[in-house]
Every structure is written in C-alpha cells, then in structure tokens.
Amino acid sequence: MRKSIIVLAVLAGFLVGSVSLFAHHGTGTSYDMHKVVVLKGVVQRFAMANPHSQLYFDVKDDQGNVAHWSAEMRNPRNLEAEGHTRKELMEKFAPGTPITVTGNPSKAGTPVLVFGKAVLADGWCLCNHDGGIGSEAPGVAGGGVE
Amino acid sequence: MRNRIGSLVVLLIGAAVFQSPAAAQVFFPGGPASDAQKAAAAASQAKLAYDPHDLSGIWRGAGQAVPQIKDPRIGDAHADPLMGGAPPPPMTAWGKEQFDANKPSAAESWQSRRVAPALGNDPLGNCDPLGYPRSLGRGPVEFIQTPGKILQIFNGGPDMATREIFTDGRKLDTDDLDPRWYGWALGHWEGNSLIVDSSGYDERAWLGGNGFPHSDQMKLHEVYNHPDAMTLEITMTLDDAKAYTKPWVGNKQTFKLVLPKGLTVLYEEYCVPSEEQSFNQGVRNPAGGDLAHSRPLK
C-alpha cells in the first residue's frame, strides 16, 4: 500500500511539473513551425536529459552524403508524464535503429528540427506529441507558432 | 491509511483542476474518477489538516490569468507573470542598461526582445541558478517548516534550489553579508500572515524570463497567507532604487496545494551543466545558426 502511495505521489509530481516546461526556450524563434520535414535515417544516439531530450540520427542522400541530424524533444519530466520510461526509449532508440522522423527544421537551415514524431520499422511510434511539439505531418503547423 | 489515500485523491483532483487538460489525462490511473471516488474525495477534503501557520506541503501556482496588455510605451510588451502580472515601474538608467543587455528567449518574454536561444544570454542556458523570485514562478515549490527556519524547495525549471527563511528572531545586516542567489530572508508572523523581508541578492540573476534586472540592493517584502487548507497567497513588493525609480508592487499570487506534509515527493529536477553543454552543442547552437559552437553536422 505504501508503494501505491508513492507511485501516486510521483504521478502527481509529474502532473504538477508537466505544464509549460517545454516552451521555455522559445521554440518558434529557432524553428520554422510552418515547414515540415520527413526524414528517413538511422539512430546514432538518444539522450534523455535536461533541458530537452535529444535524438541524433544520420540521413544519407542519393549521392551517399551523410548529414548528422538532431531533434529537440521534450524533457525527461514531460516524457515520463506521457507514460514513457528511460529504459523503454533507450531500447527503442538504440544506435543503429532505422527510423523516420517528422518535425520542423531550424530557420538557420542546419540539420536540426523540433521533434514531431518518430516511427520505427515495426510501426512503433512516438507520436501524439508525446515526444515534442513539432509537426507530425506535412501541412500541419507545429506548436509554438508565433 | 484510507484517509491518507483519500486525501491524496483529493489533492490529485485539485492538481488536475489547476493543470492543463493534457496534464489532467494522467489523473486517476485506470480512467476517469467514478462517482464513488468523487464522493470519497469530497468527503475527505474536509478532513485535511489545516493550520494557517503551517505552510508545509508542495504548492503550485494556480495559473491565474495574466493580462496580455499592450504597453504603448514599449510596443508589443505585455504584463509579465512576474509579480503577479503587475506592470513594472520605470527603470533607472542602470536598470535600463541591464534590461537592454539581457537577451531573453523564454516564452514569457516580449516578442520584440526574444532571440533564438543560441543568440541569447538567459542564465538558464548555462544552468546558472535562477535565483529568487524567478524560481517561484517556474514550477512546484515545497515548504518545510522547522522551529527556526522555513525552507522553500523550488522544483521546476529545470532547476532545483533551496531558499532559507529564518524565523528564529535573529537579526541580519546584509550589508556585511555576501549576496546570495536566494538572498537572506527573515520571517515572522503577524496574526495569520507570515511576513518575510529579504535582501542580499546576487544581481546576476534575472527577475524573470523577460530579463527584468535587479541589483544587489534589491529588498523584497512578502506577505504569505494560508486562508484554507488548499490555498496559499503571496503578495510581494520589490524595492530596488538602483534598478527602478519606485517600488514594484506585485499583485497577489495564488498557489494551490498539490501534496500535503507527509506525502510529498519531489522530482529530481537538476539542471546539469554537462547535459546543458551537450544540448547546446548538439541542438541549441546549430538550431540558432551558431556553427562555431556546434557539433559536426556532416
């Protein structure tokens, strides 16, 4: 029973801390929230860390050139509040995993985006804005539009 | 034990009420509250221990609306959540110089001042302490009361910091003390109000995400009221003649109880410098076009 109380209390902790933490770095200032990219690549590294989690993945073009992309994601507190665990996400985003990532690219034209969703080969998806406030599909503006 | 769980259910309901709809979705594992659960929660709410002189527990700002009024003096500027939305007084020349030098990126900053995080200088971007009163507005805060001291543990941001409020009747001469990020605070009770006067603040901290400055001469006068078991009210007046031409009189800020004494659990919410540096090089700087401080992109 004591364990149940702790679990509930931790849930409450997530709940009370889950509001507006993602928006504190001016997402719409760095990213074009009206432009959407869909990229197929391979995971290099996932970091579940403050101030925002990060997904690093490589994308190869038709000429074989590799661009090192990164995605800005929700912070650990928000990811956990959405029901995801570090163990789960580290396994899903293990290095070498083929992945399709959708999001809004940087205004600077660099290979960085704000995360919308990620889909693995088996259909597993970090979507519904669980992982970030970016666009999940072309034609849809991401959150944080200014 | 049932009472404790019942109280927690009440608090979770309270938390859900005061949070965003998205956050409320995690309330009640297993689905929405049943009528029986709601009835139990209502019945147990009356059993919450209440002492107007005991502020213990985890509190969170109730998200009171802050008017987004355009300020004709500045253009797109609007009232800041800072100081309960009360407009700032005119700045001194020194204050304006600091204000102009501060380059914010936070969502609560004015559009005309906001820059890409890579190009800004918000102390948050380097994991510098947020200081007080900025920490008060960035997430839950736990109050722990001991016979001679009240501790405020700020638990959002990302940041985790502690502020001491001495209530043992001591006197402090902050002119002889080094300034601190969270200042030197003395508290005493007047009736059911906790009066906290503080000074000795490190002026490297910003007052809030818009980059309003304060100097090491800042003095805060705070009045805490705890009118019922679920409510905490804080009214703050900021007096800093080096930065502002007159005192900044804040509006009342309302906080709601999230978890009571004995059931509090804090989230480990540190801003870790090595993680911040990794994020800056991997995401923030390249996103803002600062390639000189970015990871290899090709």
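Naming: A, B, ... by sequence-line order, numbering from 1 per chain. Fair warning: this is a prediction, and the values are worked out from it, not measured in the lab.
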Q. Which bit of A/P105 comes within less than 4.5 Å of chain B, counting heavy atoms only: side chain, backbone, both or neither?
A. neither

Q) Which region of B/V272, side chain (C-beta onward) or backbone (N, CA, C, O), has a non-hydrogen atom less than 4.5 Å from a non-hydrogen atom of chain A, or is it both or neither? A) neither

Q. Minimum heavy-atom separation for A/S70 to B/G282, with atom names?
A. OG-O, 2.8 Å

Q: Examine distances only and state if a side-chain atom of A/N50 and a backbone atom of B/E269 form a donor-acceptor pair shorter than 3.5 Å.
A: no

(Q) Sub-4.5 Å heavy-atom contacts with chain A: which residues of residues 289-298 of chain B show up? (A) B/G289, B/L291, B/R295, B/P296, B/L297, B/K298

Q. Between atom CZ of B/F279 and atom NE2 of A/H52, what is the distance when rounded to the nearest 0.5 Å?
A. 4.5 Å

**Q.** Winner by heavy-atom pair count (cut-off under 4.5 Å) against chain B, out of A/S53, A/A47, A/A49
**A.** A/A49

Q: Please name all residues satisfying ring-ring contact (aromatic ring centres under 6.0 Å, His included) with A/F93, sequence neighbours left out, ordered by chain then number.
A: A/F46, A/W124

Q) So, does A/S30 use its side chain to make a donor-acceptor pair with the main chain of B/A287 at under 3.5 Å? A) no

Q) From B/R284 CZ over to A/S106 OG, what is the distance, rounded to the nearest 0.5 angstrom? A) 14.5 Å

Q.
Minimum heavy-atom separation for A/Q54 and B/S278, please, with both atom names.
A. OE1-OG, 4.1 Å

Q: Start with the C-alpha distance between A/M73 and B/V283, add both sets of side-chain angles, then the distance that settles side-chain contact (heavy atoms from CB on, under 4.5 Å), and finish with yes or no.
A: CA-CA 10 Å; A/M73 304 174 70; B/V283 173; over 6 Å; no

